[in-house]
Amino acid sequence: MMHGAHIGGQRAGAFLELVDGVDPRRVLLVGVDVAKATWFVVASNLVGEVVVDGVRLVADRAGLAVLERLIAATSGQLDAAVVVVGVEAAGHHHQTLVGHLGDREGLVVRLLNPAQVAAVCKQQGNRRRKTDWLDAAAIGELLARGEGSPPHLDASPAATLRPLWSGRKDLVDARGRLRQQAGALVDCLWPGFSATDKHAGVAPVLSSPFDTKAGRVVVGLLAEGWTPAGIAAADPAELRQIFAARGCRLSGPLAGRLIARAASALAPHPAATAGKAATLAGLLGALAALDLQIAGLEAEMAPLLAATQGAKLTQIRGVATVAAAGFVAFVGHTGRWADWSKVWRAAGLDPARSQSGATDASYGISREGSAWGRRAILDLAAGVCRQPGRFHDSYQARLRHRKHPKVALAAVGNQVGRTCFALMDSGADYDPDHQTNDAERRTATQPKAGGRAA
């Protein structure tokens, strides 16, 4: 092999090193198709001869014991020198099994991408046929090619951040959906409260009913049964007292604008408001509970982040604890990756490409990777783009060149991700002037016109 290259890529090259010089019939490949209640097992040797022709096991303590005995017995029959167990990633269902198998000595455990398994089944002419046997056999075929990645399940701080960040993301998404529903109720109880139309000269009095303290008080009043007419009947001083009793200091001009908007609002109709104040009150209670849960998860992240390679990522302006935790949760330890480009590819943010002869076209992002990894990197990019600095300038420059905002954000994600990966790998402090200093050094060493560099 030239320079250690392998036609199948790095994983295939590593697998070749693992089985190099071993009789193919002494290499045991075990494919496990994981479901919620059962595991289906098919095993073969490297030649492809089936040695375990489909065994279904219950996914419990006894089933794990049977699986271990089955692997040991089959390994003994083949006098196996290498035993590779492949498990198809199945949401969270595979994690416990993979953890137990990884604790057993003598087993090489690999995780398989479900998309790869499905592709092999289609290649075998089984596009419209899906069975557990076919899936487990496809896993074995992928193992024979050297496919599959080592599982990275451990109790390290970086691994602990993964469920915390993912759980927070789900709660934030749920909060967004509930806010949307609550906003619809608010518009029924106070028609036009959040309406905006620049051409018609309509603008909301408050920028957001949920992200501002005054907005939350208004929503709370509507949930208590207040109407626009009730608010319009109050004078500014009285309205300010009502808001102060609920922990919001309302300015005189804003109180006047709220009263004016309430007075001009279309009167809510009983047919459009029946039961909606009580529903809004229930949604506000759920939102308050979600806020507490989200804050609790964020508090758990901070000490864990400090114990990882990404402890210094928050030195970058715009990178808060949550964004840094998501990035570290996806990357894990930098030793897992050959370089940053592999992380970028694993997130599915690399551009799709179609090359044929002289034609070489690039398209949008490939999306052939981790969806939550993409979100972690793009959340990181969104944070730094909101703050002054070189990442913000880079984003704005792309917008000026008529790049789509999402394309510009992905490009900045590549930049800031590369920087964060380098910081994690080196452990160095962040130097915001690093690129400027590098450019100045390169300029200083370049020969001047008619002369030579010193």
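Because only heavy atoms are used, hydrogens play no part in the values below, and waters and symmetry mates are left out as well, while side chains stay in.
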Identify whether the distance between the nearest side-chain nitrogen and carboxylate oxygen of R345 and E368 falls below 4.0 Å.
yes
Ion pair check, D173 and R375, cut-off under 4.0 Å
yes
Closer than 4.0 angstrom, basic N to acidic O: yes or no for R179 and D211?
yes
Quick one: closest heavy-atom pair of A255 and R240, and the distance?
CB-CG, 4.0 Å
Just to verify, which of L266, I231, L185 counts as forming a side chain to side chain contact (heavy atoms under 4.5 Å, CB included) with W190?
I231
Do W133 and D33 have side-chain atoms, one donor and one acceptor, less than 3.5 Å apart?
no
Other residues, nucleotides, ligands: >12 heavy atoms within 6.0 Å of Q396 CD:
yes
Regarding S166 and R162, is there a side-chain donor-to-acceptor distance under 3.5 Å anywhere?
no
Under 3.5 Å, is there a donor on one side chain and an acceptor on the other for Q309 and D425?
no
Would you say the side chains of T419 and R390 form a donor-acceptor pair under 3.5 Å?
yes
Is the closest basic N to carboxylate O distance between E224 and R246 below 4.0 Å?
yes
Qualifying residue for side chain to side chain contact (heavy atoms under 4.5 Å, CB included) with E298, from V322, T321, L164
V322
